[in-house]
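Remarks on the structure that follows.
From a predicted model like this one, the values you see are computed outputs, not experimental measurements. Quick note on labels: first sequence line is chain A, next is B, and so on, each numbered from 1.
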Number of protein chains: 2
Amino acid sequence: MASEAERRVATADESFEGVSPDAARRLLLGAVDAFAERGFHATTTRDIASRAGMSPAALYIHYKTKEELLFQISRVGHERSVAVLAEAADGDGSDAERLARAVRLFVRWHAEHHTTARVVQYELAALGAEHYEEIVGLRRRSEEILRGVLESGHAAGEFEVADVRGTTLAVMSLCIDVARWYSPHGRRSPDEIGTLYADLVLRMVAPRAAAG
Amino acid sequence: MASEAERRVATADESFEGVSPDAARRLLLGAVDAFAERGFHATTTRDIASRAGMSPAALYIHYKTKEELLFQISRVGHERSVAVLAEAADGDGSDAERLARAVRLFVRWHAEHHTTARVVQYELAALGAEHYEEIVGLRRRSEEILRGVLESGHAAGEFEVADVRGTTLAVMSLCIDVARWYSPHGRRSPDEIGTLYADLVLRMVAPRAAAG
DNA sequence: CCGGCGGCTGAGCAGTTGCTTAGGGCGTCC
DNA sequence: GGACGCCCTAAGCAACTGCTCAGCCGCCGG
């Protein structure tokens, strides 16, 4: 029964490696799977606990409420994706190279961690008010990182962007939505999608006439 | 109390005008609002009924189950958005004009009807198996319409698209995700977003070197 | 050998869920 | 004018919800 629980949980990802004790981590992984499959409200504490191979009551030793589980998933998930984006955007190379790398890795993260990403993106409304505010701050961070690259390229004349704010939103939206439709059984790998998307985004911002 | 119910329901849209009797329509509109706000599973039949100004039992005179309400919303919503897309794509003009018009109107629909669209896009998993299959068929239709335009422009040399299937998916995803983040209190109108997006998509598929 | 403590369980509580049933008001047709 | 059919309600059922609590197990320091 323990191995059964481990098997079910194995579809989740490695973002929660640091969480201890072991039972708390297994509960988080079970919750990620359950929330992604059925949504926060449709998931029962009994479901989460049984995926972790434990009784329902054990959940409350490690987490105060079901919502706290969602918050931990949301927090860790956002932190990881912001870190990926920041690292890609802060690296060296031209603005075009930084933009392409940021989009490619951000998209790849959303595909590879599509279960976590789905929870992170679509269950925000289920968070309590305070937790929600904290998460919104992290989301603003990622938007600012991307906008920074676009503004830099625009100022340098490397990009031609009529509406930086609107384009930032569109690119973010494009990347994030990968988590909704991506399936590991699909024909494209996360990296292939990332590469395709990076190309499409570069085209979005490329100057029209070859003036550069 | 009836006017209160009408007021709350007024935030929904006109896609369900044809539904009769009146009570069945009010229930549908109430369900759209409730599902969009709180999600299908978190919405109670009591909530839906009270938004329509009726008792919980009245719901079951017009719909067999709560899921049937979701199905009707999904079906009508998909039919409307496919119709918008088809009309825009089948019109006359160059492939670029057809593509721009299709994206602009498809995006505008998702912004204007963002409550309906959100339900339609994010509560698919709550549908029963048979209903789900029917909806998936409609979704394939819209993808085919968009792909048709891209293929036509690609064949005519008007577009330069390395991966038609992948680009179709990306454009669909971009348009659909508008429903997730759009807010009527935001700074951009549905039509402005549509116009911006049409421009971005045209850039995605424009030939790089001015060879045409 | 023992005492305590962190991790866990079985049983269960109060509240809520989707949905049913018995019956009431009211217009409409013979 | 009476029987019918439509639309609706009050009350309630069985199942399930998030969460609690008293107590059991095994490990670890003395």
Side-chain angles (χ1 to χ4, degrees), chain A residues 1-6 9 19-35 37-74 119 123 125-129 131, chain B residues 1-6 9 19-35 37-74 119 123 125-129 131:
Chain A
M1 196 192 287
S3 68
E4 160 71 354
E6 275 167 10
V9 139
V19 180
S20 86
D22 189 65
R25 208 192 71 250
R26 269 155 48 219
L27 284 166
L28 261 190
L29 292 173
V32 168
D33 272 15
F35 291 163
E37 263 176 40
R38 317 166 47 87
F40 176 78
H41 288 294
T43 299
T44 69
T45 53
R46 286 160 177 83
D47 184 12
I48 297 170
S50 87
R51 282 178 199 247
M54 307 168 76
S55 85
L59 193 153
Y60 294 90
I61 293 160
H62 302 284
Y63 302 95
K64 270 199 292 250
T65 63
K66 186 172 87 162
E67 191 263 359
E68 201 199 322
L69 267 165
L70 175 62
F71 174 59
Q72 294 300 338
I73 294 166
S74 247
V119 175
E123 306 294 340
L127 286 169
H131 288 163
Chain B
M1 195 192 285
S3 68
E4 160 72 353
E6 276 167 10
V9 139
V19 180
S20 84
D22 189 66
R25 208 192 70 249
R26 269 155 47 216
L27 284 166
L28 261 191
L29 292 173
V32 168
D33 272 15
F35 291 164
E37 263 177 39
R38 319 167 44 88
F40 176 77
H41 288 294
T43 299
T44 69
T45 52
R46 285 160 178 84
D47 185 12
I48 297 169
S50 85
R51 281 177 199 247
M54 307 169 76
S55 85
L59 194 152
Y60 293 91
I61 292 162
H62 302 283
Y63 302 95
K64 272 201 291 252
T65 63
K66 185 172 88 162
E67 191 264 357
E68 201 200 321
L69 266 165
L70 176 62
F71 174 59
Q72 294 301 338
I73 294 166
S74 250
V119 176
E123 305 294 339
L127 286 170
H131 287 163

What is the distance from CD1 of I61(A) to P of dC19(D), rounded to the nearest Å?
14 Å
Send over the distance from D47(B) CG to dG18(C) P, rounded to a whole Å.
9 Å
From NE2 of H62(B) across to C1' of dC7(D) the rounded distance in Å is 6 Å
Heavy atoms, side chains only, cut-off 4.5 Å: are L70(B) and H131(B) in contact?
no
Heavy-atom closest pair, residues Q72(A) and Y63(A)
CG-CE2, 4.1 Å
Whole angstroms only, please: what is the NE2-P distance between H41(A) and dT17(C)?
12 Å
What is the distance from CZ of F40(B) to P of dT17(C), rounded to the nearest Å?
13 Å
Under-4.0 Å side-chain N/O to phosphate OP1/OP2 contact, T45(B) with dC19(C):
no
Rounded off to whole Å, could you give me the CG-to-C1' distance for the L69(A) and dC19(D) pair?
13 Å
A23(B) has its side chain closest, among dT9(C), dG18(C), dC8(D), to dC8(D)
Distance-minimising heavy-atom pair for A34(A) and D47(A)
CB-OD2, 3.9 Å
Consider the side chain of A58(B), meaning its heavy atoms from C-beta on, and name the nucleotide among dC8(D), dG7(C), dC19(C) that approaches it most closely.
dC8(D)
I want to verify a distance call: between dC19(C), dG18(D), dT9(C), whose nearest atom is closest to the K66(A) side chain?
dG18(D)
Is the shortest side-chain heavy-atom distance between T65(A) and E68(A) below 4.5 Å?
yes
On DNA chain D, compare the nucleotides closest to R46(A) and A57(A); which residue's is nearer the 5' end?
R46(A)
Length of the OH-P vector between Y60(B) and dC13(D), whole Å:
17 Å
May I have the distance from I48(A) (atom CD1) to dC19(D) (atom P), rounded to whole angstrom?
10 Å
